[in-house]
Each structure stands twice: as structure tokens, then as C-alpha cells.
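Throughout, protein chains are lettered first and strands after them, A, B, ... in sequence-line order, and every chain is numbered starting at 1.
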There are 2 protein chains.
Amino acid sequence: MHRHEGHDACHAGTGDMLARAEGLCRERGLQFTPLRRDVLEAVAEAGKAQGAYDIAERLSVPGKRVAPVSVYRALDFLMEQGLVHRIASRNAFIPCTHGHAPGEGVIFLICRTCGGVDEASSEEVEGSLGRTLERAGFTPTHSILEVEGDCGACRDRKPAP
Amino acid sequence: MHRHEGHDACHAGTGDMLARAEGLCRERGLQFTPLRRDVLEAVAEAGKAQGAYDIAERLSVPGKRVAPVSVYRALDFLMEQGLVHRIASRNAFIPCTHGHAPGEGVIFLICRTCGGVDEASSEEVEGSLGRTLERAGFTPTHSILEVEGDCGACRDRKPAP
DNA sequence: GGCGGCGGTGATACACTGTAACAAACCCGC
DNA sequence: GCGGGTTTGTTACAGTGTATCACCGCCGCC
Ligand SMILES: [Zn+2]
Ligand SMILES: [Zn+2]
Ligand SMILES: [Zn+2]
Ligand SMILES: [Zn+2]
């Protein structure tokens with residue numbers, strides 16, 4: 001869940017996220033390498049959607065540069081495992097904090113003020129979208145639904161004029 | 001030129017589209033310049049979503065090159081006037097063949113086989129999405145909904161089993 | 001031990017997408 | 001014709017993503 005109370009709250013789930021990722025990779029017989037771990041950690045700690053180049057810069061230290069291409073490869077892996085999502089409207093990436101049923105759609109709620117991205121899902125939206133597509137004679141394989149606006153915390157913080 | 005080659009989803013036809021655009025610009029006191037006209041025509045004739053650089057190349061002839069930056073400016077104008085849409089998941093542009101009520105959402109149906117993009121809208125999807133957002137305490141300003149899959153024509157043409 | 005395949009990483013180069021900045025051309029009313 | 005806004009040309013650059021090859025570490029096999 002996306003929280004705005006402060007950094008501690010935002011970062012609280014990072015450890016859990018890493019532990020979950022490690023377990024999931026072991027379970028699937030895949031390698032949770034240091035680079036993949038670092039990329040996931042960087043995405044999880046950021047509190048907002050991160051570009052691949054942002055991650056590369058964040059992970060680079062004097063004497064040890066992480067090239068964007070390596071970040072892209074790690075992100076591809078993490079996306080295949082469902083640990084990270086790509087936000088098409090921002091060319092940026094977020095950690096998955098939701099845990100999805102197979103085939104379930106996701107709605108990304110992107111706050112234009114704080115930049116945070118929350119995930120939601122809705123059987124109702126799924127159903128009505130499915131009916132609309134069927135009516136149009138269209139067979140879907142994949143869909144993206146991204147909403148921009150103001151999250152509750154930011155709306156409360158700046159009450160209407 | 002080539003207007004009746006395929007079964008293409010030129011619902012309205014390129015000519016109608018250009019006439020509509022010209023009338024709309026006159027009505028709003030805006031300039032429907034040759035470049036803007038050419039860009040809209042290129043997008044409308046393509047039959048599938050076009051990248052800005054594709055359009056630039058299509059409009060360029062020996063001795064008269066159209067720079068991508070000019071295409072981007074024309075596309076910005078056409079998008080402001082609601083004559084063209086941008087497909088975020090493809091970094092590409094399509095002509096608007098739908099005609100939208102103000103504030104109405106759009107669903108883009110992107111065929112992975114023929115590359116064509118159709119538009120749909122649904123009060124039902126709008127409503128259920130609005131309720132889901134309200135439940136999440138999120139105030140939307142703009143949303144994108146893009147579905148990838150197979151259009152009816154392509155599904156019929158390749159009967160699977 | 002040596003050896004070869006395999007997946008992951010490093011490194012460079014490149015393609016694609018989009019924007020900033022400034023100059024020149026154009027249009028339109030005065 | 002003149003002045004001011006708009007449109008376009010041109011160049012340069014920033015941002016995003018991919019291709020390619022080489023190297024390394026690991027594991028199974030001879
Ligand atoms: Zn998720
Ligand atoms: Zn916010
Ligand atoms: Zn439209
Ligand atoms: Zn199709």
C-alpha cells in the first residue's frame with residue numbers, strides 16, 4: 001500500500017519485498033543476484049516511479065558504475081517475475097506491492113503531486129471492460145490502465161481554494 | 001491515392017477527416033496549415049499507428065525534408081484539437097475516428113496482428129472505474145486505457161483450431 | 001584436474017523518442 | 001510598409017531502449 005506519512009512508512013515494506021523476492025526466485029529455481037536485488041531495492045525505496053537511468057545513477061558509486069543496460073536487464077527479469085511493473089505513461093518502474101491473481105488486471109493510480117503510484121484492481125472494471133471488448137469483437141491479450149490525478153493524502157494536504 | 005486497397009478501418013475516410021479538420025479549425029479561428037494537413041493525412045492513410053519519425057520519413061521527398069521536430073509540433077496541435085491520439089504503449093499516433101464528448105474516456109483496441117487501432121468508449125467502464133477510484137480515495141484528472149489483442153477481422157482470417 | 005555449455009554481467013555502440021533554443025518566414029491588422 | 005504574433009526550419013541535445021560481443025563464474029561431464 002502506498003503511504004505518504006513519511007519515508008519510514010514508504011520504506012517499511014522494502015525488507016519484506018526483498019525477502020519475498022528471494023523466496024520466490026528460490027522456489028522457481030531462478031537466481032536472485034546482487035544486481036537484481038539492488039535494482040529491486042532501489043525501485044522499492046524510491047517512493048515514486050523511477051526511470052531506468054535514475055536507478056543506474058542511484059546504484060552507481062565512484063569507481064563502480066552500473067550501466068543502464070544492466071538495469072534494463074534486471075528490470076526485465078523482475079517484470080517477468082511480477083516483482084516490478086512498468087508505467088507506460090511515465091517510462092518508469094515501480095515495485096509490485098499488490099500480489100496479483102493470474103490474468104488479473106491492474107489499475108495504476110499515479111499521483112501528479114507526490115509522484116507516488118498505487119495499485120488497485122476491480123472485478124467490476126474487469127467485467128465491464130470484458131463485455132465492452134466482446135461487444136466490439138476484440139479478443140484481448142493484455143491491457144494497461146493508468147490513471148493520473150491526486151492521491152488522498154495530497155488532496156487532504158492541499159484543501160480546495 | 002490508395003484509399004480502397006484493403007478492408008481497412010478507414011471508417012470515415014481520409015478525405016472526410018481532412019474536411020472535418022479544416023472546418024473545425026476555421027470554426028475555432030486556428031490555422032490548418034499545409035504541414036498540419038499533411039501530417040494528419042499521413043496518420044489517417046497509414047491504417048496503423050505511426051511513429052513521429054515514420055511520419056517524417058513518409059512526408060519527406062528528395063530535396064524537401066520534413067524534420068521530426070516539425071512533425072511533433074503538428075502532432076501536438078492536432079492532439080490539442082482532438083484530431084489525433086497518442087498511443088502511449090506504442091509511442092505512436094492515430095487519427096481520431098470517433099468524436100468524443102468532453103471528458104469522455106477512450107479505450108484503444110490495438111491489434112497485435114494487423115497493427116490497426118480502433119477506438120471504443122463505454123459508460124459502464126467509465127462508471128465502474130470512477131467508483132473504484134472513489135473507493136481508493138483518488139481524484140482522477142486523466143486516464144489511459146489501451147488493450148492489446150486481436151481484432152475481429154484478424155481473428156476471422158486466422159481461425160485457430 | 002580439465003573442459004564446455006550456460007546464464008549473468010560489463011562495455012561499447014547504436015537506434016529510437018522527444019525537447020530546447022534560436023533564426024527565418026509567414027500572416028494579419030494597422 | 002510596419003510591428004507583433006504564429007508557424008516553420010535548423011541544429012543541437014536529452015531521454016529511452018536495444019544489439020552485440022567479450023568476459024566471468026558456475027555446474028555438470030569426461
Ligand atoms: Zn502489482
Ligand atoms: Zn500524492
Ligand atoms: Zn478519438
Ligand atoms: Zn487486426
Subject >> Closest to the A:Leu35 side chain, choosing from C:dT17, D:dT7, C:dG10 >> reply: C:dG10
**OP:** Name the residue closer to the 5' end of DNA chain D, choosing between A:Gly51 and B:Phe77 according to the nucleotide with the nearest heavy atom.
**Re:** B:Phe77
**OP:** For the side chain of A:Gln31, starting at C-beta, report the closest nucleotide among C:dG8, D:dG17, C:dT17.
**Re:** C:dG8
**OP:** Please state whether the phosphate of C:dG18, meaning OP1 or OP2, lies under 4.0 angstrom from any side-chain nitrogen or oxygen of B:Arg86.
**Re:** yes
Subject >> Given DNA chain D, 5'-ward residue of the pair B:Tyr53 and B:Pro34, judged by closest heavy atom >> reply: B:Pro34
Original post:
What is the distance from CG of B:Asp54 to P of C:dG18, rounded to the nearest Å?
Top reply: 11 Å
Subject >> Length of the line joining B:Tyr72:OH and C:dA21:C1', which is rounded to integer Å >> reply: 18 Å
Original post:
With sugar-phosphate meaning primed atoms plus P, OP1 and OP2, does B:Val69 contact a base, only sugar-phosphate, or nothing at under 4.0 Å between heavy atoms?
Top reply: base
Original post:
If you check every side-chain atom of B:Asn91, which of D:dT8, D:dA19, C:dG18 has the closest atom?
Top reply: C:dG18
**OP:** Quickly work out the B:Phe32 CZ to C:dC27 P distance and round it to whole Å.
**Re:** 16 Å
Subject >> SB check B:Arg58 B:Glu41 (cutoff 4.0 Å) >> reply: no
**OP:** Using whole Å, report how far CG of A:Asp38 lies from P of C:dG10.
**Re:** 10 Å
**OP:** Consider the side chain of A:Arg36, meaning its heavy atoms from C-beta on, and name the nucleotide among D:dT16, C:dT9, D:dT7 that approaches it most closely.
**Re:** C:dT9
**OP:** Using a heavy-atom cut-off of under 4.0 Å over every strand shown, decide if B:Arg73 touches base, sugar-phosphate, or nothing.
**Re:** base
Original post:
Taking the six-membered ring for Trp, is the centroid-to-centroid distance between A:Phe108 and A:His85 below 6.0 Å?
Top reply: yes
**OP:** Write down the distance between CD (B:Glu80) and P (D:dT6), rounded to a whole number of angstrom.
**Re:** 12 Å
Subject >> Distance-only donor-acceptor check, side chains B:Ser89 and B:Glu146, under 3.5 Å >> reply: yes
Original post:
Within this structure, what is the CZ-to-P distance between B:Arg90 and D:dG17, rounded to whole angstrom?
Top reply: 15 Å
Subject >> Given C:dT9, D:dG9, C:dG10, the nucleotide with the shortest approach to the side chain of A:Lys64 >> reply: C:dG10
Subject >> A:Asp150 versus B:Thr139, side-chain donor and acceptor atoms under 3.5 Å >> reply: no
Subject >> N/O (side chain, A:Ser70) to phosphate O (OP1/OP2, C:dG8) under 4.0 Å >> reply: no
Original post:
Just how far, in rounded Å, is C1' of C:dC27 from CG of B:Leu30?
Top reply: 14 Å
Subject >> Nearest-Å distance for atom pair CZ/C1', residues A:Arg37 and C:dT9 >> reply: 18 Å
**OP:** For the pair B:Glu124 and A:Arg135, find out whether any cationic side-chain nitrogen is under 4.0 Å from an anionic carboxylate oxygen.
**Re:** yes
